[in-house]
Amino acid sequence: MYHAHWGLERSPFAGGDGLPFFEGEGQTEAIARLRYVAEQRRHALLLAGRGVGKTALLRQFAETRRYEGLQTAMMSLAGLSPREFLWQAAAQLALGPKSSDDVVQLFRRITDHGSAVGWGAGAATALLLDDADQAGADVRMQLLRLLSLAGGTTPWLTVVLAATPTGARRMGDELLDALDLRIELEPWSEPEMVGYIQHALLAAGAEQPIFDDEALGALHALSDGVPRKINRLADHALLGAAAEDRDTIDAAMIEAAHDALSWTTTGS
């Protein structure tokens with residue numbers, strides 16, 4: 001591993017879910033919009049390209065809400081059956097679902113909870129649903145029913161569906177029309193990316209800069225500002241430069257790492 005070479009306590013860019021969340025301008029704006037949607041008991045579509053960070057953003061929003069004592073469920077809809085979706089929602093909302101509950105019973109648990117909560121105080125109960133573009137037609141039908149019953153005179157629920165821009169079309173017009181606000185998360189600008197690199201290196205124990213200015217410029221250009229690509233490219237560059245006993249990483253090392261990963265500047 002390259003940790004000792006760079007004086008790091010851990011890998012700054014290869015931690016998977018353990019990577020530190022970095023709130024750039026786009027993330028700050030998106031979280032503000034999500035807060036507004038929840039406060040108003042409305043529903044939103046969060047759009048982001050692959051690797052841009054919609055899952056990390058939803059997770060951060062969910063953690064903040066839970067810390068504030070607000071009922072929140074977050075899950076990926078990819079591959080879930082209607083029963084699995086409703087059971088996970090009921091379990092995360094602490095509604096006591098039983099292993100024997102069927103779809104009808106689970107749906108009733110959730111809607112009975114909504115009737116009891118009503119408008120109340122503070123933000124709504126929230127369902128944050130990632131990979132909504134991969135939900136089956138039967139799960140989408142349950143969502144439409146839930147959205148219909150969660151409205152009325154005392155709305156109690158906020159639903160956020162996250163998808164890729166191209167995948168969102170698979171969700172169907174009826175479900176998309178039921179959403180009130182569209183939130184788009186864009187790739188990082190170069191200053192945002194530089195801020196993230198510095199943040200991640202400091203969190204990993206770095207005591208001095210590792211990437212020079214030209215390297216940072218190349219890193220942004222070759223990654224298109226996509227966080228997932230930035231992490232993979234930066235991590236590979238750290239490994240390659242350590243193997244060559246370099247003191248810093250320059251643009252040539254970034255380009256070599258990019259070539260080794262067989263990426264193109266337009267790849268997803």
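Reckoned from all heavy atoms, side chains included, excluding hydrogens, waters and symmetry mates.
Heavy atoms from other residues, nucleotides or ligands lying under 6.0 Å from CD of Glu190 number more than 12. Heavy-atom neighbours of Glu244 CD from other residues, nucleotides or ligands within 6.0 Å: above the threshold of 12. The environment of Gln208 atom CD is sparse: at most 12 non-hydrogen atoms of other residues, nucleotides or ligands sit within 6.0 angstrom.
For Leu128 against Ala62, the heavy-atom pair with the smallest separation is CD1-CB, 3.7 Å. When all heavy atoms of Val139 and Ser81 are compared, the closest pair comes out as CG2-C, 3.8 Å. Scanning all heavy atoms of the two residues, the minimum distance from Val37 to Ala44 falls at CG2-CB, 4.0 Å. Minimum heavy-atom separation, Leu238 to Pro12: CD1-CG, 3.8 Å. Between Ala30 and Leu57 the shortest heavy-atom distance is CB-CD2, 3.6 Å. The heavy-atom pair separating His5 from Asp245 by the smallest distance is CE1-OD1, 3.2 Å.
From Gln60, atom CD reaches atom CD of Gln27 across 10.0 Å, with rounding to the nearest 0.5 Å. Between the NE2 atom of His236 and the CZ atom of Phe13 there is a distance of 14.5 Å, given to the nearest 0.5 Å. Here CG of Leu201 is found 6.5 Å from CG of Leu8. Values are rounded to the nearest 0.5 Å. Of the inter-residue distances, the one linking Leu176 atom CG with Arg169 atom CZ reads 10.5 Å to the nearest 0.5 angstrom. To the nearest 0.5 angstrom, Leu149 atom CG is 11.0 Å from Leu144 atom CG. With values rounded to the nearest 0.5 angstrom, Glu192 atom CD is found 8.5 Å from Thr28 atom OG1.
Not a single donor-acceptor pair under 3.5 Å links the side chain of Arg228 to the backbone N or O of Gly53. With His3 contributing its side chain and Ala204 its backbone, the two residues share no donor-acceptor pair below 3.5 Å. Asp224 places no side-chain N or O within 3.5 Å of a backbone atom of Val226 that could act as its donor or acceptor partner.
Under the 4.5 Å side-chain criterion, counting only non-hydrogen atoms from C-beta, Tyr196 is in contact with Asn231. For the pair Thr64 and Glu68, the minimum side-chain heavy-atom distance is below 4.5 Å. The shortest side-chain heavy-atom distance between Leu181 and Arg42 does not fall under the 4.5 Å cut-off. For the pair Ile249 and Leu219, the minimum side-chain heavy-atom distance is 4.5 Å or more. In this structure, the side chains of Phe61 and Met74 stay at 4.5 Å or more apart for every pair of heavy atoms. You'll find the side chain of Ile110 stays beyond 4.5 Å of the side chain of Leu157, heavy atoms only.
Cluster annotation: Ile210 and Leu202 are assigned to distinct hydrophobic clusters (Ile/Leu/Val/Met/Phe/Trp/Tyr, side-chain heavy-atom contacts under 4.5 Å, transitive). Taking hydrophobic clusters as Ile, Leu, Val, Met, Phe, Trp and Tyr residues chained together by side-chain heavy-atom distances below 4.5 Å, Met141 does not share a cluster with Leu161. Grouping the Ile, Leu, Val, Met, Phe, Trp and Tyr side chains by contacts below 4.5 angstrom, directly or via other members, places Val103 with Met75.
Evaluation of the salt bridge (Lys or Arg N to Asp or Glu O under 4.0 Å) test over residues 176-189, restricted to residues two or more places apart or in two chains, returns Arg182-Glu184. Identified under the salt bridge (Lys or Arg N to Asp or Glu O under 4.0 Å) test for residues 96-109, with sequence neighbours left out: Asp101-Arg109. Sorted by first then second residue, the salt bridge (Lys or Arg N to Asp or Glu O under 4.0 Å) pairs that include residues 126-135, not counting sequence neighbours, are Lys54-Asp130, Lys54-Asp131, Asp133-Arg170.
Salt-bridge check for Arg59 with Glu63: failed, with every basic side-chain N at 4.0 Å or more from each acidic carboxylate O.
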- Task: Please assess Ile230 against Ile197 for the test side chain to side chain contact (heavy atoms under 4.5 Å, CB included), listing each intermediate value before the final yes or no.
- Result: CA-CA 9 Å; Ile230 290 167; Ile197 294 292; 3.9 Å; yes
- Task: Take Leu147 and Leu175 through the side chain to side chain contact (heavy atoms under 4.5 Å, CB included) test and state the conclusion after the steps.
- Result: CA-CA 9 Å; Leu147 288 168; Leu175 185 54; 3.7 Å; yes
- Apply the test side chain to side chain contact (heavy atoms under 4.5 Å, CB included) to residues Val194 and Phe211: give CA-CA distance (whole Å), side-chain angles for both, the deciding distance (0.1 Å), then the verdict. CA-CA 10 Å; Val194 171; Phe211 297 84; over 6 Å; no
